[in-house]
Colleague: 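Got a structure for you, written out below as structure tokens; questions coming shortly.
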Amino acid sequence: QLQLVESGGGLVQPGGSLRLSCAASGFTLDVYAIGWFRQAPGKEREGVSCISSSDGSTYYADSAKGRFTISRDNAKNTAYLQMNSLKPEDTAVYYCAADHSTDYVCLGYKNLEVWGQGTLVTVSS
């Protein structure tokens with residue numbers, strides 16, 4: 001069974017950086033598109049970034065452009081989200097997800113094939 005496990009969350013000061021990891025177990029991620037999503041307290045889950053499997057094309061929400069970078073390392077069967085210049089409004093539980101459909105992932109479709117358990121990112125002084 002394909003499983004995804006996020007790690008790297010924690011407490012960081014505004015302006016700081018974190019790198020989140022999304023490790024796959026049981027199956028390889030190389031044929032899947034990968035997305036990062038987040039859900040702040042009391043708000044709906046929103047898409048942050050996604051990356052395709054075929055050509056590695058990347059897409060970002062407006063809130064993430066210029067600050068976040070999504071990447072994947074197929075040799076390690078892991079995807080990453082590098083987050084720089086963090087703001088308090090970035091505080092949320094961050095989830096990674098995978099699906100064969102790049103459109104579903106990058107359009108924020110919630111019924112994706114596999115989701116991770118989430119990792120909490122808190123940006124605060």
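Values below: every heavy atom of this structure, side chains too, minus hydrogens, waters and symmetry copies.
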Colleague: Any idea which heavy atoms bring T78 and S21 closest together, and the distance?
Modeller: CG2-CB, 4.2 Å

Colleague: Look only at the side chain of E113 and the backbone of H100, and say whether a donor-acceptor pair between them is shorter than 3.5 Å.
Modeller: yes

Colleague: Can a side-chain donor-acceptor contact be found between N84 and S17 if the only test is distance below 3.5 angstrom?
Modeller: yes

Colleague: With side chains defined as the heavy atoms from C-beta onward, is the minimum distance between R38 and R45 less than 4.5 Å?
Modeller: no

Colleague: Between atom CE of M83 and atom OG1 of T69, what is the distance when rounded to the nearest 0.5 Å?
Modeller: 11.0 Å

Colleague: For the atom pair CZ (F37) and CG (L81), what is the distance rounded to the nearest 0.5 Å?
Modeller: 11.5 Å

Colleague: Looking only at heavy atoms, which two atoms of I70 and Y60 are closest? And how far apart?
Modeller: N-OH, 2.9 Å

Colleague: To the nearest 0.5 Å, tell me how far S101 OG sits from L112 CG.
Modeller: 8.5 Å

Colleague: Treat each ILVMFWY residue as a node, draw an edge where side-chain heavy atoms are under 4.5 Å apart, and state whether I34 and V48 are in one component.
Modeller: yes

Colleague: Is there a side-chain contact between S71 and Y80 (heavy atoms, below 4.5 Å)?
Modeller: yes

Colleague: Is the distance between the ring centroids of F68 and W36 under 6.0 Å?
Modeller: no

Colleague: Would you find a donor on one side and an acceptor on the other, under 3.5 Å apart, between the side chain of S52 and the backbone of S57?
Modeller: yes

Colleague: Quick one: are E6 and Q117 in side-chain contact, heavy atoms under 4.5 Å?
Modeller: yes

Colleague: Could you pull out the closest heavy-atom pair between G47 and A61, with the gap in Å?
Modeller: O-CB, 3.5 Å

Colleague: Is there a side-chain contact between L18 and L86 (heavy atoms, below 4.5 Å)?
Modeller: yes

Colleague: Let me confirm one number: the SG-CH2 distance from C22 to W115, rounded to the nearest 0.5 Å.
Modeller: 10.5 Å

Colleague: Report, as yes or no, whether the 6.0 Å neighbourhood of atom CD on E44 holds more than 12 heavy atoms from other residues, nucleotides or ligands.
Modeller: no

Colleague: When you look at D90 and R67, which way does the side chain to side chain contact (heavy atoms under 4.5 Å, CB included) test go after all the steps?
Modeller: CA-CA 11 Å; D90 295 318; R67 299 189 299 125; 2.7 Å; yes

Colleague: Which value, rounded to the nearest 0.5 Å, describes the distance between Q1 atom CD and S25 atom OG?
Modeller: 9.0 Å

Colleague: Would you call K65 and D62 a salt bridge, taking side-chain N to carboxylate O under 4.0 Å as the test?
Modeller: yes

Colleague: Would you call the rings of Y104 and Y109 parallel, tilted or perpendicular if under 30° counts as parallel and over 60° as perpendicular?
Modeller: tilted

Colleague: Where do V105 and A98 come nearest, in terms of heavy atoms and distance?
Modeller: CG2-C, 4.5 Å

Colleague: Check whether any side-chain heavy atom of R72 sits under 4.5 Å from a side-chain heavy atom of S53, and report yes or no.
Modeller: yes

Colleague: Could you state the interatomic distance from OG (S125) to CG (L11), rounded to the nearest 0.5 Å?
Modeller: 9.5 Å

Colleague: Report yes or no: do Y95 and V121 belong to one cluster of Ile/Leu/Val/Met/Phe/Trp/Tyr joined by side chain heavy-atom distances under 4.5 Å?
Modeller: no

Colleague: Could you check whether any side-chain heavy atom of Q3 comes within less than 4.5 Å of a side-chain heavy atom of F27, counting everything from C-beta outward?
Modeller: no

Colleague: If hydrophobic clusters are built by linking Ile, Leu, Val, Met, Phe, Trp and Tyr wherever their side-chain heavy atoms come under 4.5 Å apart, do L20 and Y59 end up in the same one?
Modeller: no

Colleague: So, do S7 and T119 sit near enough that their side-chain heavy atoms are less than 4.5 Å apart?
Modeller: no

Colleague: Got L29 and L4 here, is their nearest side-chain heavy-atom distance under 4.5 Å?
Modeller: yes

Colleague: Only counting residues at least two apart or in another chain, list the ones meeting salt bridge (Lys or Arg N to Asp or Glu O under 4.0 Å) with D99.
Modeller: none

Colleague: Among pairs that include at least one residue of residues 34-66, which meet disulfide (SG to SG under 2.5 Å), considering only residues two or more places apart or in two chains?
Modeller: C50-C106

